[in-house]
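Worksheet for the structure shown next.
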Amino acid sequence: MFITTEGINAGYTIKDVVEATGSLMLASEDIDKYNMFDQLFDEAKQKLKKKADLLEGDGIIGLKYNTEVVEVNGAPKFLVVHGYGTVILIDK
């Protein structure tokens with residue numbers, strides 16, 4: 001299974017588009033620890049790979065991530081990473 005942010009120079013068939021989200025609620029003492037985004041990228045990537053496996057794809061192309069810090073009045077901050085890409089099957 002491969003993942004790339006670009007296309008590939010080979011023939012392929014599109015299986016489906018997949019998406020996955022990772023989120024983390026920050027405790028008040030961790031309110032400025034934005035480096036915790038790193039684990040969320042990994043979490044989203046693993047979820048995407050699992051979905052691609054279920055579709056029996058060879059890889060994911062065009063991977064994109066969106067990140068967001070969600071603040072709600074009177075509530076903690078949430079870090080959110082949303083990833084999406086196209087699952088493909090390489091033509092034999």
Side-chain angles (χ1 to χ4, degrees):
M1 173 68 55
F2 66 89
I3 297 179
T4 178
T5 58
E6 304 292 325
I8 60 169
N9 191 17
Y12 58 85
T13 302
I14 295 173
K15 299 286 283 185
D16 204 351
V17 174
V18 290
E19 58 78 29
T21 302
S23 63
L24 177 69
M25 181 176 70
L26 294 178
S28 58
E29 62 271 8
D30 295 330
I31 209 77
D32 293 326
K33 293 191 177 177
Y34 293 104
N35 61 336
M36 296 174 119
F37 265 122
D38 292 347
Q39 72 189 53
L40 296 177
F41 279 100
D42 250 5
E43 180 183 329
K45 185 167 69 171
Q46 294 309 315
K47 288 179 180 179
L48 289 167
K49 283 182 176 181
K50 188 177 289 187
K51 288 182 177 186
D53 281 338
L54 290 173
L55 292 167
E56 298 179 353
D58 292 320
I60 301 172
I61 61 172
L63 178 65
K64 303 277 189 267
Y65 286 108
N66 292 322
T67 59
E68 188 174 0
V69 177
V70 180
E71 295 183 54
V72 182
N73 290 339
K77 282 186 183 178
F78 291 85
L79 303 180
V80 180
V81 172
H82 184 79
Y84 57 96
T86 304
V87 177
I88 62 165
L89 181 65
I90 297 176
D91 296 341
K92 306 293 181 211

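Residues take their numbers from the sequence shown, with the count starting at 1.
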Check your understanding: What distance separates Asp58 CG from Met1 CE, expressed to the nearest 0.5 Å?
Key -> 7.0 Å
Practice item. Specify the closest pair of heavy atoms between Ala44 and Tyr65, including all atoms of both residues, with the distance to one decimal. Key: CB-CE2, 4.2 Å
**Study point:** Single-linkage hydrophobic cluster, 4.5 Å side-chain cutoff, Leu54 and Ile90 together
**Key:** no
Point to revise | Interatomic spacing from CD in Glu43 to CG in Leu48 - rounded to 0.5 Å | key: 10.5 Å
Revision key, fill the gap. Scanning both residues in full, the closest heavy-atom pair of Lys77 with Val69 reads CD-CG1, 4.0 Å
**Study point:** From Tyr12 atom OH to Thr86 atom OG1, the distance as rounded to the nearest 0.5 Å
**Key:** 7.5 Å
Check your understanding: Atom OG1 of Thr13 and atom CG of Asp91: how far apart are they, to the nearest 0.5 Å?
Key -> 4.0 Å
**Study point:** Ile61 vs Phe2, side chain to side chain contact (heavy atoms under 4.5 Å, CB included): CA-CA, chis, key distance, verdict
**Key:** CA-CA 8 Å; Ile61 61 172; Phe2 66 89; 4.1 Å; yes
Review point. Could you give the distance from CG (Leu79) to CD (Glu68), rounded to the nearest 0.5 Å?
Key: 10.5 Å
Check your understanding: Tyr84, Val81: one ILVMFWY side-chain cluster at the under-4.5 Å cut-off?
Key -> no
Review point. Do the side chains of Val70 and Met25 join up, straight or via other hydrophobic residues, at under 4.5 Å, putting them in one cluster?
Key: yes
**Study point:** Minimum side-chain heavy-atom gap Val87-Val17 below 4.5 Å
**Key:** no
Practice item. Would you kindly confirm whether Leu63 and Leu55 end up in one hydrophobic cluster when ILVMFWY residues are joined by side chain heavy atoms under 4.5 Å apart? Key: yes
Review point. Between atom CG of Asp53 and atom CD1 of Ile60, what is the distance when rounded to the nearest 0.5 Å?
Key: 8.5 Å
Practice item. Return the minimal non-hydrogen interatomic distance between Ser23 and Val80, and the atom names on each side. Key: CB-CG2, 4.1 Å
Revision key, fill the gap. Taking every heavy atom of Leu26 against every heavy atom of Met36, the minimum-distance pair comes out as CD2-SD, 3.4 Å
Practice item. Identify the residue among Asn66, Thr67, Thr21 that makes a side chain to side chain donor-acceptor pair (under 3.5 Å) with His82. Key: Thr21
